[in-house]
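Quick caveat: nothing in here was measured; it's all calculated off a predicted structure. Numbers restart at 1 for each chain; the letters A, B, ... are given by sequence-line order, proteins then strands.
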Protein chains: 2
Amino acid sequence: MNPKYEQQMKKGVLEMLVLKRLESEPKYGYQLISELREESGGMFTLKEGTLYPILYRLEDERLVESRWSEPKGKEVSRKYYGITEKGNEELRELTELWRSFAAHVNEMTGNNKVTGNEEVQEG
Amino acid sequence: MNPKYEQQMKKGVLEMLVLKRLESEPKYGYQLISELREESGGMFTLKEGTLYPILYRLEDERLVESRWSEPKGKEVSRKYYGITEKGNEELRELTELWRSFAAHVNEMTGNNKVTGNEEVQEG
DNA sequence: CTCCTATACTTAGTATTGCTAAGTACATTC
DNA sequence: GAATGTACTTAGCAATACTAAGTATAGGAG
């Protein structure tokens with residue numbers, strides 16, 4: 001199948017996933033790329049050209065704030081992104097939107113029980 | 001919240017939903033718009049300018065086939081779209097892709113077990 | 001020192017796609 | 001015949017994942 005569909009499905013959820021990853025603590029770009037790749041089993045393997053524009057958009061909307069690290073010794077300087085209060089709020093709303101959206105789509109694709117504890121008749 | 005996110009989330013799933021609606025029988029454009037709106041509780045309220053380009057793309061990919069109705073009496077002529085064998089196959093693959101995708105996103109948003117019996121701390 | 005690799009960030013440009021807005025055509029209603 | 005409702009078409013816009021190239025620094029190989 002066309003990888004096109006998977007690419008398109010990602011639209012609108014990557015920002016939510018990035019915000020979610022920043023919920024616990026500030027992180028830098030490459031770190032986010034690694035974590036998203038590992039935790040998704042490879043499904044969310046973002047290139048820099050995908051992630052950084054997302055971070056810039058989030059920053060423009062004041063959902064995250066960035067600061068450059070002061071490199072200790074010969075460390076490379078890194079730009080850490082931390083979620084703001086507004087970002088936390090947006091994350092909650094985005095998560096709700098996603099759940100509602102996914103529930104509707106599941107229902108309309110015949111996948112109508114998504115509560116997670118039913119036995120699903122496959123095929 | 002920005003309606004932008006909802007718009008973006010739709011990308012990549014509308015084609016699946018349209019194919020799904022054609023699984024049972026051929027339908028025409030306006031009919032699909034009505035059904036999608038009704039069955040989604042309004043979430044998928046497509047304008048013609050959204051639906052028809054989708055149908056044309058599906059037709060280009062040989063996932064659906066269209067034929068003009070022969071209007072009986074003074075009926076308006078309608079263009080009926082029917083799913084092809086290739087379309088059925090694509091629908092199965094798309095549905096699987098969606099389930100896998102949604103499962104990953106749910107897991108990564110901490111929505112991994114929604115058994116429905118947890119107590120949720122509301123903000 | 002130069003060359004290569006790895007890390008880390010930036011940015012210009014492309015393709016896809018949902019949407020807006022306008023248009024055509026026909027039938028019915030007023 | 002003007003307005004309304006149905007049905008389809010299309011030009012153009014906006015948003016965004018991706019490609020591809022670039023900058024900069026550090027460390028190692030030669």
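- A salt bridge links E61(B) with K4(A): the distance from a Lys NZ or Arg NE/NH1/NH2 to an Asp or Glu carboxylate oxygen falls below 4.0 Å.
- Atom CD of E61(A) and atom P of dA15(D) are 10 Å apart (whole Å).
- Between dA14(D) and R57(A), no contact under 4.0 Å exists linking OP1 or OP2 to a side-chain N or O.
- Aromatic ring centres of F44(A) and F101(B) lie closer together than 6.0 Å.
- Within residues 16-39 of chain B, the residues approached by DNA chain D to less than 4.0 Å at the level of any non-hydrogen atom are Y28(B), G29(B), Y30(B), in residue-number order.
- When the side chain to side chain donor-acceptor pair (under 3.5 Å) test is applied to Y28(A), the partners found at least two apart in sequence or on another chain are R78(A).
- What separates CZ of R78(A) from C1' of dT23(D) is a distance of 18 Å, to the nearest Å.
- Under a 4.0 Å N-O distance rule, the pair E96(B)/R99(B) does not qualify as a salt bridge.
- Residues from residues 41-55 of chain A lying near DNA chain D, meaning a heavy-atom separation below 4.0 Å, are L46(A), K47(A), G49(A), T50(A), I54(A) in numerical order.
- If you measure from atom CG of L58(A) to atom P of dA15(D), you get 15 Å, rounded to the nearest angstrom.
- From the 5' end on, the contacts that DNA chain C makes with chain B at under 4.0 Å to a non-hydrogen atom open and close at dT17(C) to dT28(C).
- Neither OP1 nor OP2 of dA17(D) sits under 4.0 Å from any side-chain N or O of K11(B).
- Residues satisfying the salt bridge (Lys or Arg N to Asp or Glu O under 4.0 Å) criterion with E89(A), sequence neighbours excluded, are absent altogether.
- Distance E6(A) CD to dT16(D) P: 19 Å, rounded to the nearest Å.
- Legend: residues meeting side chain to side chain donor-acceptor pair (under 3.5 Å) with E38(B), ordered by chain and number and at least two apart, are absent.
- With rounding to whole Å, Q7(B) atom CD is found 16 Å from dC13(D) atom P.
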